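To start, the structure itself, in structure tokens.
Both ligands and their constituent atoms are indexed starting at 1 by order of listing. Quick note: numbers below take in every heavy atom, side chains included, and nothing from hydrogens, waters or symmetry partners. Keep in mind the model is a prediction, meaning the values are calculated, not measured.
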Amino acid sequence: MTEPEILILPTSADATHAAARRIATALTEAVGARGVAHWVTTGGSTPGHIYRHLADAPLRETVPWDRIHLWWGDDRWVPPEDILSNALACWDLLLRDVPIPPNQIHVMPIGEALAAGDGPETVAARYATTLREAGLEIDAGGFPRLDVVLVGVGSDGHLLSVFPDSPTWDDPRWAQAVPAPTHIAPHVARVTLHPLVVAAARMVIAVILGPGKAAIVGEIFGPKHDVRRLPAQLARRAGAVWVLDEAAAAAVPPELRGTATG
Ligand code: 6PG
């Protein structure tokens, strides 16, 4: 297995700042190479701090925002103004301050579906269609090659809304409805991209913070590789960078520590 870069910072503030710098650089390089950059962002508690760094000087001035397409790896089945919405934090903390053209902000259309009485399957199908219409290169496995995919990792080893032993693997649709998980909060239905979108991405950035993630990080970087049981191991690949604070990195094997610089 070719390992990812692993970047370990003393504090969570240092880690989110480093992650924002990596995202800014990756987006800028993708625009330089292909004219546009397709960025998939994530949910949970981690991206808020990253958004603030990207929205403030000096990083804000480094990214050609008018060339960025923004996508979500997953979102929760709640109205867009609900605190649980993965899109809400992005609107509040990033999109008010950076000029991504509205038609390049690809929110999962959950608010419209709720208003129309449609369900998560409808949103998943629409999102897959929108992604297909973006005309991205498709990899050998049939999945789109997005430029930068930001992921967090759950304490059970999930990424996106792909939980351990998820049935999404056996369904080739690029976006899928996920029933509300019972083992982990928040207990609401989701819409998620297919896990193999993470495998197909040009670059993956995984950001993991806090002592509550140390045990699962130790398992992810342990000897057993089983992406169906531990979906976050999809990001344990070449072309990925893991940004952790010391607390989350406590169980990273010594031989893997210190493989990257900020
Ligand atoms: C979600 C996610 C999910 C998240 C992880 C980590 O909607 O819940 O996108 O995959 O990234 O659960 O969440 P934290 O950043 O809160 O630890």
For this session: Could you give me the CA-CA distance, side-chain angles and deciding distance for Trp72 and Tyr127, then say whether ring pair (Phe, Tyr, Trp, His ring centres under 6.0 Å) is met?
Result: CA-CA 10 Å; Trp72 272 262; Tyr127 209 58; 8.1 Å; no

Exercise. For ligand 1, which atoms sit closer than 4.0 Å to a heavy atom of Thr46?
Worked result: 14 (P), 15 (O)

Seminar exercise, completed: Looking only at protein heavy atoms, what sits closest to atom 17 (O) of ligand 1 is Lys213 NZ, 2.4 Å

Problem set entry | By side chain to side chain donor-acceptor pair (under 3.5 Å) - contacts of Asp226 (at least two apart) | none

For this session: Applying side chain to side chain contact (heavy atoms under 4.5 Å, CB included), run through Ile8 and Asp245 and close with a yes or a no.
Result: CA-CA 5 Å; Ile8 300 170; Asp245 61 6; over 6 Å; no

For this session: Find out if a path of hydrophobic residues (ILVMFWY) with successive side-chain heavy-atom gaps under 4.5 Å connects Val178 to Ile184.
Result: yes

Exercise. Do Asp139 and Arg145 sit within salt-bridge range, that is, some charged N less than 4.0 Å from a carboxylate O?
Worked result: no

Exercise. Hey, do the aromatic rings of His194 and Trp174 have their centres closer than 6.0 Å?
Worked result: no

For this session: Could you list the atoms of ligand 1 found under 4.0 angstrom from a heavy atom of Gly44?
Result: 13 (O), 14 (P), 15 (O), 16 (O)

Problem set entry | Shared hydrophobic cluster, Leu27 / Leu93 (ILVMFWY, side-chain heavy atoms < 4.5 Å) | yes

Seminar exercise, completed: Nearest non-hydrogen protein atom to atom 6 (C) of ligand 1, with distance, is Val153 O, 3.5 Å

For this session: Number the atoms of ligand 1 from 1 as they appear, then name those within less than 4.0 Å of a heavy atom of Thr42, with their elements.
Result: 9 (O), 11 (O)

Seminar exercise, completed: Atoms of ligand 1 under 4.0 Å from any heavy atom of Arg190, numbered from 1 in the order shown, are 1 (C), 7 (O), 8 (O)

Problem set entry | Element-labelled atoms of ligand 1 that are located less than 4.0 Å from some non-hydrogen atom of Arg76 | 1 (C), 7 (O), 8 (O)

Exercise. With a cut-off of 4.0 Å, which atoms of ligand 1 are near a heavy atom of Asn86?
Worked result: 1 (C), 7 (O), 9 (O)

Seminar exercise, completed: The answer for which part of Leu160 has a heavy atom under 4.0 Å from ligand 1 is backbone

Seminar exercise, completed: The closest protein heavy-atom partner of atom 5 (C) of ligand 1 is His158 NE2, 3.5 Å

For this session: For atom 2 (C) of ligand 1, grab the closest protein heavy atom and report residue, atom and distance to one decimal in Å.
Result: Asp74 OD2, 3.2 Å

For this session: Quick one: list whatever passes side chain to side chain donor-acceptor pair (under 3.5 Å) with Asp171, sequence neighbours left out.
Result: Arg173

For this session: May I ask you to identify the nearest protein heavy atom to atom 4 (C) of ligand 1, giving residue, atom name and distance to one decimal place in Å?
Result: Gly43 O, 4.0 Å

